[in-house]
Peer 1: 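Got a structure here, written out as structure tokens. Questions coming.
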Amino acid sequence: MDREALNQLKKQLWEVADELRANTGLKASAYSTPVLGLIFLKFADAKYAQFEDEINQEFEALKGGRREKKIEEIAIEKCGFYLPDQARYTYLLNLSEEENIANKIKEAMEGIEQYSPEFVDVLPKDSYHDLSTEDNNKILNRLLRNFNDIPVDTEHDIFGEVYEYFLGEFALAEGQGGGEFYTPRSVVRYMVEVLQPSEGKILDPACGSGGMFVQVANYAQAHKEKNGGTTLNLRAYGVERTGETVKLAKMNLFLNNIRGEITEANSYYADPYNSVGNFDYLLANPPFNVDNVELDLVKDQERFNTYGVPQTKGKKPKVPNANYLWINQFATALNENGRASLVMANSASDAGHSEKEVRKALIEDGIVSQMVALPSNMFSTVTLPATLWFFDRNKQKKDEILFIDARNIFTQVDRALRKFSVEQIKNLSIINRLYEGDSESFYALIKEYEKNRDTANTEEDKKYYQKQIDWLLERFPDGKYQDVIGLCKVASLEGEDGIIEQDYSLNPGRYVGVVIEDDGMTAEQFKEELYGLNEEFKQLNEEAKELEKQIEDNLDSLVIEYE
């Protein structure tokens, strides 16, 4: 299925799901739960189907012998869960409209709980009875049929795309605030590619629906061969303040066979995993610019005050906003070899007053490894421009930071939304590899593109992969890191145009610079050209005023004529 067909499918599925809102009058936050529950059942069935032959073969081979196992035991070993017959999607799909479909969906979810007791009270099994009118019974039947259109003969990742698309649409339907839990897949993939997570514990203190963990799991699966053919041993720990979203995150972990815990809590005031110095990796897209955090409840917490608590001056100081609380949380939760990445509002990179003092302490501690300016319009539910912060507790060159300006690197999805393509993610993350001295990965990527070019079926695809090769070799011709104006710059703490000289700013634009095209003019010629354009602009303004007066007079004449 190509990208255009997938986008069309997602829109068709959403139109059908949105009928539920139209026919029930429910808010997005209410009707999202049953809809996502059905999508969960479809995803679960699709994943189980991938292992079904293997499960059945082993069950038959062991039957009657001393090593005989129950089929559910084999399924849990191979797939992570077992689906009894009443939980299979085909069973639900074949129900007639005369059946009590809401009750059958509940029985399906109870069947999953029976063999996965940790999932009790996670699935929205009771929410369908609120929709059990005759008309809504038809809608549930239609939803089941339309969700069945999600193709099962493709990579599992397609289900994640549909799932995240629905999360984004529900967020938009609910309003800007409803989208706090949704982070674009391509941004998360880039963060994960830079971090390269391996063994250990990973924390997301604002985990939403668990998308960060899913991308880490996908990365781990893709790198099994490099790890001797075994899955990377990662355990996820998430914190989310909204109960319904906690359930979504648990569903996501369940579907992707990710070991871990999700705790319902407010990360400003609760630290359920005793995070200080306790984690190998942190990933998050926390809410930006939250301004109602109680200073008295955070100022004595070690995770927030190690580098200084951001607060206003005066008799009644308060937290100006929570951005630097999140930044502090990330820096302090890492163990001695820990690495982290978070999405943050651009304004935090240059924030002044007490926030600047926190940033200064972080920079001088040598923990900030990389800053990346993202393109605008990457987030469907947040309009503010954003920057990626990367931390590395074991960074070798503590007196310098890699800055990347990726604002002009994007793929336009539609008029209002952008993303990183797979190749753009690889090209941007290879900059970090080169900075770390890893030329081998750079040339491996070149070979990958050459192979894709040589095996491509169309001239358009051949040119596309050649363009990727050219992009890399033009900027890094020797397979080694170098500063590239308009793209990347390694800035030192000291020296002219250094970080101290720039008032401890972490804004990539201050360091990377911009590419100025050579127009062949001298400075004097450029000045004359500019003066000429300014005079022409003044003249056009005068002509515009005359035309405006003429139009006004003509309108007055018409009014007089028809009175």
Side-chain angles (χ1 to χ4, degrees), residues 1-18 28 32 35-36 39 43 146-147 149-151 154-194 208-209 211-212 214-215 218-219 252 285 288 341 343 345-346 372-388 404-429 449 452 458 460-461 463-465 467-468 471 487:
M1 172 172 279
D2 61 24
R3 174 59 48 185
E4 183 177 350
L6 175 58
N7 289 339
Q8 185 60 36
L9 171 66
K10 290 189 289 190
K11 290 177 181 177
Q12 289 173 352
L13 296 177
W14 171 251
E15 288 173 1
V16 176
D18 201 39
S32 64
V35 168
L36 291 174
I39 297 177
F43 290 174
N146 277 270
F147 290 159
D149 290 340
I150 303 173
T154 186
E155 296 180 3
H156 180 66
D157 196 43
I158 194 173
F159 301 107
E161 285 209 32
V162 172
Y163 193 70
E164 289 188 6
Y165 175 80
F166 269 68
L167 288 176
E169 290 299 312
F170 284 128
L172 289 171
E174 189 71 4
Q176 297 292 330
E180 290 178 357
F181 56 81
Y182 179 68
T183 311
R185 171 181 297 263
S186 69
V187 173
V188 185
R189 285 192 63 179
Y190 174 47
M191 295 164 73
V192 173
E193 284 290 333
V194 172
S209 62
M212 297 280 183
V214 173
Q215 288 302 317
N218 290 343
Y219 177 89
N252 234 346
N285 175 19
F288 298 166
S341 178
V343 187
N346 274 5
V372 180
L374 291 174
S376 59
N377 299 334
M378 294 287 277
F379 297 79
S380 60
T381 57
V382 179
T383 57
L384 291 174
T387 301
L388 298 181
I404 295 177
D405 190 342
R407 288 177 294 178
N408 295 318
I409 300 173
F410 57 83
T411 298
Q412 199 75 36
V413 177
D414 53 38
R415 184 180 59 82
L417 193 62
R418 296 166 173 174
K419 70 169 187 175
F420 290 136
S421 69
V422 171
E423 288 72 31
Q424 286 166 341
I425 291 169
K426 291 178 179 179
N427 294 347
L428 285 170
S429 60
Y449 288 155
N452 291 342
T458 67
E460 183 179 1
D461 286 342
K463 291 178 181 179
Y464 175 79
Y465 286 110
K467 184 179 179 180
Q468 308 310 315
W471 191 93
L487 177 63

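Values below: all heavy atoms of this structure, side chains included; hydrogens, waters and symmetry mates excluded.
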Peer 1: Could you tell me if the side chain of R185 sits less than 4.5 Å from the side chain of Q215, heavy atoms only?
Peer 2: yes
Peer 1: Is any side-chain heavy atom of F410 closer than 4.5 Å to one of N377?
Peer 2: no
Peer 1: Could you check whether any side-chain heavy atom of L374 comes within less than 4.5 Å of a side-chain heavy atom of F420, counting everything from C-beta outward?
Peer 2: yes
Peer 1: In chain order, what residues pass the salt bridge (charged side-chain N to carboxylate O under 4.0 Å, His left out) check against E423, with sequence neighbours excluded?
Peer 2: none
Peer 1: Does the side chain of I404 reach to within under 4.5 Å of the side chain of L388, using non-hydrogen atoms?
Peer 2: no
Peer 1: Evaluate the side-chain proximity of V188 to N285: yes if any heavy-atom separation is below 4.5 Å, no if none is.
Peer 2: no
Peer 1: I'd like to check the side chain to side chain donor-acceptor pair (under 3.5 Å) partners of S429; sequence neighbours left out, ordered by chain and number.
Peer 2: none
Peer 1: With sequence neighbours excluded, what pairs up with Q424 under the side chain to side chain donor-acceptor pair (under 3.5 Å) test?
Peer 2: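 Partners of Q424 by the side chain to side chain donor-acceptor pair (under 3.5 Å) criterion, ordered by chain and then number, come out as T411, S421.
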Peer 1: With sequence neighbours excluded, what pairs up with D461 under the side chain to side chain donor-acceptor pair (under 3.5 Å) test?
Peer 2: T458
Peer 1: Sequence neighbours excluded, which residues qualify as side chain to side chain donor-acceptor pair (under 3.5 Å) partners of Y449?
Peer 2: N427
Peer 1: Less than 4.5 Å apart, any side-chain heavy atom of M191 and any of V343?
Peer 2: yes
Peer 1: Please name all residues satisfying ring pair (Phe, Tyr, Trp, His ring centres under 6.0 Å) with F147, sequence neighbours left out, ordered by chain then number.
Peer 2: F166
Peer 1: Is it the case that atom CZ in R418 sees more than 12 heavy atoms from other parts of the structure closer than 6.0 Å?
Peer 2: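 More than 12 within 6.0 Å, yes.
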Peer 1: Ignoring hydrogens, what is the shortest heavy-atom contact between A406 and P375? Give both atom names and the distance.
Peer 2: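 Heavy atoms of A406 and P375 come nearest at O-CG, 3.1 Å.
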